[in-house]
Amino acid sequence: MTAVTYKLLHKDGKARRGTITAPHGKIQTPVFMPVGTAATVKAMKPESVKELGAEIILANTYHLYLRPGHDVVKAAGGLHKFMNWDRPILTDSGGFQVFSLGDMRKITEEGAEFASHIDGSRHMLSPEKSMEVQNALGSDIIMAFDECAPYPADREYVMPSMERTTRWLERCKAAHKDTETQSLFGIMQGGMYDDLRRKSAEDIVKMDLPGYAIGGLSVGEPKELMCSVLDGCVDLLPEDKPRYLMGVGTPDYLFEGVERGIDMFDCVLPTRIGRNGTALTSFGQVNIKNARFERDFLPLDPECDCYTCRNYSRAYLRHLFKSGEILSSMLLTEHNLHFLVNTMAGIRRSIEEDRFAEHKEEFYRKYGYM
RNA sequence: GUGGGUAUAGUCAAGUGGUUAAGACAGCGGGUUGUGGUUCCGCCAUGCAUGGGUUCGAACCCCAUUACCCACC
(Lines give C-alpha, C1' and ligand atoms only; values in the text may rest on other atoms or scores of the structure.)
Protein backbone atom coordinates (compact mmCIF):
# COMPACT_ATOMS: atom_id res chain seq x y z
CA MET A 1 0.00 0.00 0.00
CA THR A 2 1.40 3.35 -0.95
CA ALA A 3 1.15 6.32 1.36
CA VAL A 4 -0.73 8.48 -1.09
CA THR A 5 -3.61 7.31 -3.24
CA TYR A 6 -5.88 9.02 -5.73
CA LYS A 7 -9.53 8.43 -6.44
CA LEU A 8 -11.17 9.91 -9.51
CA LEU A 9 -14.75 10.85 -8.63
CA HIS A 10 -16.08 12.58 -11.71
CA LYS A 11 -15.08 14.02 -15.05
CA ASP A 12 -16.46 16.96 -16.99
CA GLY A 13 -14.64 16.90 -20.29
CA LYS A 14 -11.03 16.40 -19.27
CA ALA A 15 -11.52 18.29 -16.00
CA ARG A 16 -11.22 15.89 -13.08
CA ARG A 17 -12.85 15.94 -9.66
CA GLY A 18 -11.12 13.59 -7.23
CA THR A 19 -9.62 12.97 -3.81
CA ILE A 20 -6.09 12.32 -2.69
CA THR A 21 -5.67 10.36 0.50
CA ALA A 22 -2.41 11.06 2.30
CA PRO A 23 -1.10 10.07 5.73
CA HIS A 24 -2.09 13.42 7.21
CA GLY A 25 -5.51 13.72 5.62
CA LYS A 26 -7.68 13.88 2.53
CA ILE A 27 -7.34 16.45 -0.20
CA GLN A 28 -10.14 17.42 -2.53
CA THR A 29 -8.92 17.95 -6.08
CA PRO A 30 -8.33 19.97 -8.14
CA VAL A 31 -6.40 21.70 -5.39
CA PHE A 32 -4.29 24.80 -4.96
CA MET A 33 -1.39 24.39 -2.54
CA PRO A 34 -0.09 27.49 -0.75
CA VAL A 35 3.68 27.67 -0.61
CA GLY A 36 5.53 27.72 2.70
CA THR A 37 9.14 27.46 1.57
CA ALA A 38 10.86 27.90 4.92
CA ALA A 39 8.35 25.85 6.92
CA THR A 40 5.93 28.76 7.10
CA VAL A 41 3.39 30.24 4.76
CA LYS A 42 4.83 33.73 5.03
CA ALA A 43 2.76 36.20 7.07
CA MET A 44 0.23 33.52 8.03
CA LYS A 45 -0.44 31.50 11.15
CA PRO A 46 -1.06 27.82 10.31
CA GLU A 47 -4.50 28.10 11.94
CA SER A 48 -5.45 30.83 9.47
CA VAL A 49 -4.19 28.81 6.53
CA LYS A 50 -6.40 25.98 7.72
CA GLU A 51 -9.40 28.22 8.30
CA LEU A 52 -9.34 29.54 4.78
CA GLY A 53 -9.62 25.97 3.59
CA ALA A 54 -6.14 24.94 2.47
CA GLU A 55 -5.80 21.16 2.71
CA ILE A 56 -2.14 20.81 1.81
CA ILE A 57 0.84 23.12 1.72
CA LEU A 58 4.26 22.98 0.14
CA ALA A 59 7.68 23.34 1.75
CA ASN A 60 11.16 23.34 0.26
CA THR A 61 13.95 20.81 0.65
CA TYR A 62 16.78 23.12 -0.36
CA HIS A 63 15.81 25.87 2.09
CA LEU A 64 15.18 23.59 5.05
CA TYR A 65 18.34 21.61 4.37
CA LEU A 66 20.36 24.84 4.59
CA ARG A 67 18.42 26.27 7.51
CA PRO A 68 17.68 25.05 10.10
CA GLY A 69 18.98 21.73 8.71
CA HIS A 70 16.89 18.59 8.16
CA ASP A 71 18.48 17.00 11.24
CA VAL A 72 16.98 19.78 13.38
CA VAL A 73 13.54 19.27 11.83
CA LYS A 74 13.82 15.54 12.38
CA ALA A 75 14.86 16.05 16.00
CA ALA A 76 11.83 18.29 16.43
CA GLY A 77 9.66 15.33 15.50
CA GLY A 78 9.27 16.06 11.81
CA LEU A 79 8.10 19.02 9.77
CA HIS A 80 4.43 18.73 10.72
CA LYS A 81 5.19 19.01 14.40
CA PHE A 82 7.97 21.53 13.92
CA MET A 83 5.73 24.01 12.12
CA ASN A 84 2.42 23.08 13.77
CA TRP A 85 0.64 21.97 10.59
CA ASP A 86 -1.15 18.65 10.89
CA ARG A 87 -2.50 18.36 7.37
CA PRO A 88 -0.60 16.97 4.38
CA ILE A 89 2.65 18.56 3.25
CA LEU A 90 4.37 18.26 -0.10
CA THR A 91 8.07 19.04 -0.27
CA ASP A 92 9.74 20.24 -3.40
CA SER A 93 13.01 18.45 -4.03
CA GLY A 94 15.38 21.37 -4.48
CA GLY A 95 15.32 20.73 -8.21
CA PHE A 96 13.81 24.09 -8.93
CA GLN A 97 16.71 25.79 -7.18
CA VAL A 98 18.99 24.16 -9.75
CA PHE A 99 17.12 26.39 -12.14
CA SER A 100 16.56 29.52 -10.07
CA LEU A 101 20.03 29.80 -8.58
CA GLY A 102 21.41 30.33 -12.06
CA ASP A 103 25.17 30.58 -12.14
CA MET A 104 25.47 29.85 -8.44
CA ARG A 105 25.30 26.14 -9.20
CA LYS A 106 26.94 23.45 -11.32
CA ILE A 107 25.11 20.41 -12.68
CA THR A 108 26.77 17.04 -13.15
CA GLU A 109 25.46 13.50 -13.53
CA GLU A 110 25.94 13.09 -9.79
CA GLY A 111 23.71 16.05 -8.91
CA ALA A 112 23.89 19.80 -8.51
CA GLU A 113 26.48 21.71 -6.57
CA PHE A 114 25.14 24.91 -5.02
CA ALA A 115 26.61 27.94 -3.39
CA SER A 116 24.28 28.65 -0.48
CA HIS A 117 22.34 31.87 -0.97
CA ILE A 118 22.67 32.39 2.79
CA ASP A 119 26.42 32.21 3.37
CA GLY A 120 27.99 31.11 0.09
CA SER A 121 29.03 27.72 1.46
CA ARG A 122 29.04 24.91 -1.09
CA HIS A 123 26.65 21.97 -1.00
CA MET A 124 25.88 19.00 -3.21
CA LEU A 125 22.28 18.04 -3.76
CA SER A 126 21.79 14.73 -5.50
CA PRO A 127 18.77 12.45 -5.96
CA GLU A 128 19.91 10.41 -2.96
CA LYS A 129 20.56 13.46 -0.82
CA SER A 130 17.22 15.01 -1.71
CA MET A 131 15.46 11.77 -0.71
CA GLU A 132 17.39 11.67 2.55
CA VAL A 133 16.43 15.25 3.40
CA GLN A 134 12.78 14.85 2.42
CA ASN A 135 12.59 11.64 4.41
CA ALA A 136 13.94 13.45 7.47
CA LEU A 137 11.37 16.20 6.97
CA GLY A 138 8.60 13.63 6.94
CA SER A 139 6.36 15.22 4.31
CA ASP A 140 3.47 13.23 2.83
CA ILE A 141 4.47 13.77 -0.77
CA ILE A 142 8.10 14.05 -1.79
CA MET A 143 9.19 15.23 -5.19
CA ALA A 144 11.83 13.77 -7.44
CA PHE A 145 15.09 15.67 -7.83
CA ASP A 146 14.93 17.08 -11.34
CA GLU A 147 16.30 19.81 -13.53
CA CYS A 148 13.93 22.49 -14.72
CA ALA A 149 15.23 23.73 -18.07
CA PRO A 150 15.07 27.46 -18.65
CA TYR A 151 13.01 29.17 -21.35
CA PRO A 152 13.99 29.53 -24.05
CA ALA A 153 16.23 26.47 -24.38
CA ASP A 154 17.06 24.54 -27.54
CA ARG A 155 16.64 20.80 -28.06
CA GLU A 156 20.38 20.24 -27.69
CA TYR A 157 20.11 21.45 -24.12
CA VAL A 158 16.68 20.10 -23.21
CA MET A 159 17.01 16.51 -24.43
CA PRO A 160 20.04 15.44 -22.36
CA SER A 161 18.72 17.44 -19.42
CA MET A 162 15.38 15.62 -19.62
CA GLU A 163 17.10 12.23 -19.95
CA ARG A 164 19.24 12.97 -16.93
CA THR A 165 16.13 13.93 -14.97
CA THR A 166 14.73 10.50 -15.82
CA ARG A 167 17.91 8.79 -14.62
CA TRP A 168 17.77 10.88 -11.48
CA LEU A 169 14.19 9.72 -10.97
CA GLU A 170 15.33 6.08 -11.07
CA ARG A 171 17.89 6.90 -8.41
CA CYS A 172 15.24 8.72 -6.34
CA LYS A 173 12.99 5.70 -6.52
CA ALA A 174 15.81 3.37 -5.50
CA ALA A 175 16.78 5.61 -2.59
CA HIS A 176 13.24 6.11 -1.35
CA LYS A 177 12.54 3.28 1.11
CA ASP A 178 9.79 4.65 3.28
CA THR A 179 6.94 4.16 0.79
CA GLU A 180 4.41 3.39 3.52
CA THR A 181 4.57 6.89 5.04
CA GLN A 182 5.68 9.01 2.09
CA SER A 183 4.97 8.90 -1.61
CA LEU A 184 7.39 9.91 -4.33
CA PHE A 185 6.06 11.81 -7.33
CA GLY A 186 7.97 11.77 -10.60
CA ILE A 187 8.44 14.88 -12.71
CA MET A 188 8.08 15.15 -16.47
CA GLN A 189 10.43 17.52 -18.28
CA GLY A 190 11.12 18.13 -21.96
CA GLY A 191 10.87 21.89 -22.33
CA MET A 192 8.48 23.12 -24.99
CA TYR A 193 9.09 20.10 -27.28
CA ASP A 194 6.12 17.76 -27.65
CA ASP A 195 8.19 14.74 -28.63
CA LEU A 196 10.57 15.21 -25.69
CA ARG A 197 7.58 15.56 -23.36
CA ARG A 198 6.19 12.33 -24.76
CA LYS A 199 9.49 10.52 -24.27
CA SER A 200 9.80 11.85 -20.72
CA ALA A 201 6.24 10.80 -19.88
CA GLU A 202 6.69 7.29 -21.27
CA ASP A 203 9.87 6.74 -19.30
CA ILE A 204 8.64 8.02 -15.96
CA VAL A 205 5.22 6.35 -16.16
CA LYS A 206 6.99 2.99 -16.47
CA MET A 207 8.25 3.50 -12.94
CA ASP A 208 4.72 3.21 -11.62
CA LEU A 209 4.79 6.01 -9.07
CA PRO A 210 1.85 7.23 -6.92
CA GLY A 211 1.72 10.57 -8.72
CA TYR A 212 3.24 12.62 -11.51
CA ALA A 213 4.13 16.25 -11.98
CA ILE A 214 4.65 18.38 -15.03
CA GLY A 215 7.72 20.51 -14.48
CA GLY A 216 9.51 23.00 -16.65
CA LEU A 217 6.46 25.07 -17.48
CA SER A 218 5.56 28.54 -16.28
CA VAL A 219 9.16 29.60 -16.66
CA GLY A 220 8.47 32.68 -18.74
CA GLU A 221 6.94 31.19 -21.88
CA PRO A 222 3.80 32.76 -23.35
CA LYS A 223 0.49 31.45 -22.07
CA GLU A 224 -0.55 30.00 -25.43
CA LEU A 225 2.67 28.00 -25.58
CA MET A 226 2.17 26.57 -22.12
CA CYS A 227 -1.38 25.63 -23.03
CA SER A 228 -0.32 23.90 -26.23
CA VAL A 229 2.42 21.96 -24.42
CA LEU A 230 -0.17 20.88 -21.85
CA ASP A 231 -2.52 19.86 -24.66
CA GLY A 232 0.13 17.46 -25.84
CA CYS A 233 1.27 15.95 -22.57
CA VAL A 234 -1.32 15.77 -19.78
CA ASP A 235 -3.06 12.79 -21.35
CA LEU A 236 0.20 10.85 -21.37
CA LEU A 237 -0.01 10.59 -17.59
CA PRO A 238 -2.07 7.76 -16.02
CA GLU A 239 -5.74 8.43 -15.30
CA ASP A 240 -5.60 6.81 -11.89
CA LYS A 241 -2.80 8.98 -10.47
CA PRO A 242 -2.81 12.64 -9.43
CA ARG A 243 -1.33 15.11 -11.92
CA TYR A 244 0.50 18.12 -10.60
CA LEU A 245 1.39 21.20 -12.63
CA MET A 246 4.31 22.78 -10.81
CA GLY A 247 4.56 26.50 -10.19
CA VAL A 248 1.17 27.56 -11.52
CA GLY A 249 -0.16 30.15 -10.94
CA THR A 250 -2.41 32.95 -11.73
CA PRO A 251 -6.18 32.34 -11.60
CA ASP A 252 -6.51 32.02 -15.37
CA TYR A 253 -3.73 29.41 -15.54
CA LEU A 254 -5.57 27.37 -12.91
CA PHE A 255 -8.60 27.18 -15.19
CA GLU A 256 -6.45 26.27 -18.20
CA GLY A 257 -4.73 23.51 -16.25
CA VAL A 258 -7.92 22.01 -14.83
CA GLU A 259 -9.51 22.09 -18.27
CA ARG A 260 -6.68 19.88 -19.51
CA GLY A 261 -6.83 17.40 -16.65
CA ILE A 262 -4.52 18.79 -13.95
CA ASP A 263 -5.31 18.04 -10.29
CA MET A 264 -2.73 19.95 -8.28
CA PHE A 265 -1.15 23.38 -8.44
CA ASP A 266 1.21 25.41 -6.31
CA CYS A 267 2.47 28.95 -6.67
CA VAL A 268 4.20 31.63 -4.65
CA LEU A 269 2.23 34.31 -6.47
CA PRO A 270 -0.58 34.93 -3.95
CA THR A 271 1.76 35.18 -0.98
CA ARG A 272 4.51 37.04 -2.76
CA ILE A 273 2.40 39.69 -4.43
CA GLY A 274 0.37 40.00 -1.26
CA ARG A 275 3.49 41.06 0.59
CA ASN A 276 4.20 43.50 -2.20
CA GLY A 277 0.85 45.23 -2.18
CA THR A 278 -1.10 43.43 -4.90
CA ALA A 279 -4.41 41.62 -4.48
CA LEU A 280 -6.14 38.98 -6.57
CA THR A 281 -9.85 39.74 -6.82
CA SER A 282 -12.84 38.45 -8.73
CA PHE A 283 -12.56 41.46 -11.05
CA GLY A 284 -8.84 41.18 -11.67
CA GLN A 285 -5.55 42.07 -10.07
CA VAL A 286 -5.56 45.18 -7.87
CA ASN A 287 -2.53 47.21 -6.87
CA ILE A 288 -3.48 48.54 -3.45
CA LYS A 289 -0.61 51.03 -3.57
CA ASN A 290 -2.39 53.14 -6.16
CA ALA A 291 -3.28 56.70 -5.15
CA ARG A 292 -6.86 56.15 -6.28
CA PHE A 293 -7.49 54.05 -3.18
CA GLU A 294 -6.50 56.80 -0.76
CA ARG A 295 -10.13 57.50 0.17
CA ASP A 296 -11.73 54.28 -1.04
CA PHE A 297 -13.48 52.78 1.95
CA LEU A 298 -14.95 49.77 0.17
CA PRO A 299 -13.62 46.28 0.91
CA LEU A 300 -10.83 44.96 -1.35
CA ASP A 301 -13.24 42.63 -3.13
CA PRO A 302 -16.89 43.33 -2.29
CA GLU A 303 -17.77 39.77 -3.33
CA CYS A 304 -15.21 38.17 -1.04
CA ASP A 305 -16.05 36.88 2.41
CA CYS A 306 -12.51 36.48 3.74
CA TYR A 307 -11.43 38.00 7.05
CA THR A 308 -9.71 40.91 5.30
CA CYS A 309 -12.67 41.83 3.12
CA ARG A 310 -15.15 41.48 5.97
CA ASN A 311 -13.26 43.92 8.20
CA TYR A 312 -11.02 46.35 6.33
CA SER A 313 -11.18 48.98 3.60
CA ARG A 314 -8.95 49.53 0.58
CA ALA A 315 -7.91 52.89 2.06
CA TYR A 316 -6.78 51.17 5.27
CA LEU A 317 -4.91 48.42 3.41
CA ARG A 318 -3.18 51.07 1.31
CA HIS A 319 -2.27 53.00 4.43
CA LEU A 320 -0.84 49.88 6.07
CA PHE A 321 1.27 49.09 3.02
CA LYS A 322 2.57 52.64 2.63
CA SER A 323 3.46 52.66 6.30
CA GLY A 324 5.38 49.42 6.00
CA GLU A 325 3.18 47.79 8.61
CA ILE A 326 3.39 44.02 9.09
CA LEU A 327 -0.40 43.75 9.15
CA SER A 328 -0.39 44.77 5.48
CA SER A 329 1.37 41.54 4.49
CA MET A 330 -0.85 39.47 6.75
CA LEU A 331 -4.14 40.87 5.50
CA LEU A 332 -3.25 40.84 1.80
CA THR A 333 -1.74 37.35 1.96
CA GLU A 334 -4.79 36.00 3.73
CA HIS A 335 -7.08 37.50 1.14
CA ASN A 336 -5.04 36.24 -1.83
CA LEU A 337 -4.82 32.73 -0.45
CA HIS A 338 -8.51 32.72 0.35
CA PHE A 339 -9.23 33.89 -3.17
CA LEU A 340 -7.28 31.09 -4.88
CA VAL A 341 -8.42 28.35 -2.50
CA ASN A 342 -11.97 29.56 -2.97
CA THR A 343 -11.55 29.74 -6.74
CA MET A 344 -10.55 26.06 -6.70
CA ALA A 345 -13.58 25.21 -4.57
CA GLY A 346 -15.77 26.86 -7.18
CA ILE A 347 -14.01 24.92 -9.91
CA ARG A 348 -14.60 21.64 -8.07
CA ARG A 349 -18.29 22.40 -7.70
CA SER A 350 -18.61 23.26 -11.38
CA ILE A 351 -17.02 19.94 -12.38
CA GLU A 352 -19.38 18.01 -10.12
CA GLU A 353 -22.28 19.79 -11.81
CA ASP A 354 -20.89 19.35 -15.34
CA ARG A 355 -20.67 23.07 -15.97
CA PHE A 356 -16.91 23.66 -15.87
CA ALA A 357 -16.79 25.27 -19.32
CA GLU A 358 -19.53 27.77 -18.46
CA HIS A 359 -17.92 28.48 -15.12
CA LYS A 360 -14.58 29.14 -16.78
CA GLU A 361 -16.15 31.53 -19.27
CA GLU A 362 -17.98 33.37 -16.52
CA PHE A 363 -14.82 33.69 -14.45
CA TYR A 364 -12.81 35.03 -17.38
CA ARG A 365 -15.46 37.56 -18.27
CA LYS A 366 -15.45 38.97 -14.78
CA TYR A 367 -11.71 38.75 -14.22
CA GLY A 368 -11.12 40.78 -17.33
CA TYR A 369 -9.36 38.19 -19.46
CA MET A 370 -12.01 38.17 -22.17
C1' G B 1 21.55 97.40 15.13
C1' U B 2 26.71 95.27 13.66
C1' G B 3 29.56 91.28 11.62
C1' G B 4 29.54 86.47 9.38
C1' G B 5 27.08 82.37 6.97
C1' U B 6 23.33 79.71 4.06
C1' A B 7 19.50 79.74 0.11
C1' U B 8 19.40 73.71 -5.67
C1' A B 9 12.56 68.94 -6.20
C1' G B 10 7.99 67.54 -0.83
C1' U B 11 12.78 66.40 2.34
C1' C B 12 18.19 65.70 2.74
C1' A B 13 21.59 67.06 -0.55
C1' A B 14 26.09 66.78 -4.93
C1' G B 15 27.55 70.29 -8.25
C1' U B 16 32.28 76.58 -7.44
C1' G B 17 31.97 79.44 -15.35
C1' G B 18 31.23 75.17 -20.65
C1' U B 19 27.12 69.99 -23.86
C1' U B 20 20.46 66.90 -21.56
C1' A B 21 21.59 69.85 -12.94
C1' A B 22 24.47 63.57 -9.27
C1' G B 23 22.38 60.63 -5.52
C1' A B 24 19.08 59.27 -1.46
C1' C B 25 14.31 59.36 0.79
C1' A B 26 9.30 60.56 -0.17
C1' G B 27 5.70 60.59 -4.22
C1' C B 28 3.59 58.27 -8.81
C1' G B 29 3.09 53.93 -12.08
C1' G B 30 4.37 48.89 -13.31
C1' G B 31 6.39 43.86 -12.39
C1' U B 32 6.38 39.28 -9.55
C1' U B 33 4.17 31.94 -11.59
C1' G B 34 7.92 24.08 -8.00
C1' U B 35 10.05 32.04 -3.12
C1' G B 36 17.92 34.10 -3.67
C1' G B 37 11.96 39.19 -2.93
C1' U B 38 11.17 44.44 4.00
C1' U B 39 12.25 43.05 -3.50
C1' C B 40 12.86 44.50 -8.80
C1' C B 41 11.97 48.11 -13.00
C1' G B 42 10.45 52.81 -14.73
C1' C B 43 8.81 58.11 -13.98
C1' C B 44 9.49 62.50 -11.14
C1' A B 45 13.73 70.41 -11.33
C1' U B 46 13.46 73.75 -19.43
C1' G B 47 15.38 74.97 -13.79
C1' C B 48 19.14 76.30 -8.86
C1' A B 49 15.31 82.35 -3.15
C1' U B 50 13.89 87.18 -6.05
C1' G B 51 15.50 91.27 -9.30
C1' G B 52 19.45 93.25 -11.95
C1' G B 53 24.56 92.92 -13.93
C1' U B 54 29.41 90.70 -15.96
C1' U B 55 30.40 86.91 -19.87
C1' C B 56 30.27 83.86 -26.26
C1' G B 57 28.31 81.02 -22.04
C1' A B 58 26.06 81.67 -15.02
C1' A B 59 23.28 77.12 -10.08
C1' C B 60 28.45 78.74 -9.96
C1' C B 61 31.27 85.64 -10.52
C1' C B 62 29.31 90.91 -9.01
C1' C B 63 25.28 94.20 -6.88
C1' A B 64 20.63 94.80 -4.50
C1' U B 65 16.44 92.65 -2.09
C1' U B 66 14.07 88.79 0.85
C1' A B 67 14.17 84.63 4.26
C1' C B 68 16.58 81.69 7.72
C1' C B 69 21.01 80.53 10.94
C1' C B 70 25.27 81.95 14.16
C1' A B 71 27.95 85.44 16.90
C1' C B 72 28.32 90.31 19.14
C1' C B 73 25.75 94.68 20.89
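A note on names: the letters A, B, ... follow the listed sequences, proteins ahead of strands, and every chain is numbered from 1.
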Side chain of A:A291 only, please: which of B:C28, B:U35, B:U32 is the nearest?
B:C28

Minimum-distance nucleotide (side-chain atoms of A:R275 versus B:U35, B:G36, B:U33)
B:U35

Would you say A:H10 and A:D354 are linked by a side-chain donor-acceptor pair, where the criterion is simply a distance under 3.5 Å?
yes

Between A:L236 and A:V205, which heavy-atom pair has the shortest distance, and what is it?
O-CG2, 3.9 Å

Whole Å only: how far is the CG atom of A:L337 from the C1' atom of B:U33?
14 Å

In whole Å, what is the span from the CG atom of A:L332 to the P atom of B:U32?
16 Å

Can you say whether a donor on the side chain of A:T278 sits under 3.5 Å from an acceptor on the base of B:U32, or the other way round?
yes

CD1 of A:I288 versus C1' of B:U32: gap in Å, rounded?
17 Å

How many whole angstroms separate atom CZ of A:R272 from atom C1' of B:C40?
10 Å

Closest to the A:N290 side chain: B:G34, B:G29, B:U35?
B:G29

Would you classify A:T271 as touching base, sugar-phosphate or nothing, given that sugar-phosphate means primed atoms plus P, OP1 and OP2, and contacts are heavy atoms under 4.0 Å?
base

Of the nucleotides B:G27, B:U33, B:G34, which has the atom closest to the A:K322 side chain?
B:G27

Interatomic distance, A:H63 NE2 vs B:G36 C1' [rounded to whole Å]
7 Å

B:G36 P sits how many Å from A:L66 CG, rounded?
11 Å

Counting the benzene-type ring for Trp, do A:Y307 and A:Y312 have ring centres under 6.0 Å apart?
yes

Which nucleotide sits closest to the side chain of A:K289: B:U35, B:U33, B:G30?
B:G30

Under-4.0 Å side-chain N/O to phosphate OP1/OP2 contact, A:N60 with B:U35
yes

Distance check, C1' atoms only: B:U2 and B:G15, in whole angstrom units.
33 Å

Which is more 5' along RNA chain B, the nucleotide nearest A:Y253 or the one nearest A:Y62? Just name the residue.
A:Y253

Once you apply a heavy-atom cut-off of 4.0 Å, does A:G277 come out as touching a base, just sugar-phosphate, or nothing?
nothing

Can you classify the ring geometry of A:F96 versus A:F99 as parallel (below 30°), tilted (30 to 60°) or perpendicular (above 60°)?
tilted

Choose from B:U32, B:G34, B:G36 the nucleotide whose nearest atom is closest to any side-chain atom of A:V268.
B:G34

Categorize A:L217 for me: base, sugar-phosphate, or nothing, with a 4.0 angstrom heavy-atom threshold over every strand shown.
nothing

A:Y65 and A:Y62: aromatic ring centres closer than 6.0 Å?
no

Rounded to the nearest Å, what distance is computed from the CG atom of residue A:N276 to the P atom of nucleotide B:U33?
11 Å

Using a heavy-atom cut-off of under 4.0 Å over every strand shown, decide if A:Q189 touches base, sugar-phosphate, or nothing.
base

Roughly how many Å apart are B:C63 and B:G4, using the P atom of each and rounding to a whole number?
12 Å

Is the phosphate of B:G27, meaning OP1 or OP2, less than 4.0 Å from a side-chain N or O of A:R318?
no

In this structure, how many angstroms lie between the C1' atom of B:U35 and the CG atom of A:L269, rounded?
11 Å

What's the gap between B:A7 and B:C60 when it is taken at their P atoms, as a whole Å value?
12 Å

Scan every strand shown for a Watson-Crick or G-U wobble partner of B:G1, both distances under 3.5 Å, and answer none if you come up empty.
B:C72

Under 4.0 Å between a side-chain N/O of A:Q97 and OP1 or OP2 of B:U35, yes or no?
yes

Determine the interplanar angle of the A:F339 and A:H335 rings, folded into 0 to 90°, and report it as parallel if under 30°, tilted if 30 to 60°, perpendicular if over 60°.
parallel

A:T250, nearest nucleotide to its side chain (from B:G34, B:U35, B:U33)
B:U33

Please state whether the rings of A:F255 and A:H359 are parallel, tilted or perpendicular, taking 30° and 60° as the class boundaries.
tilted

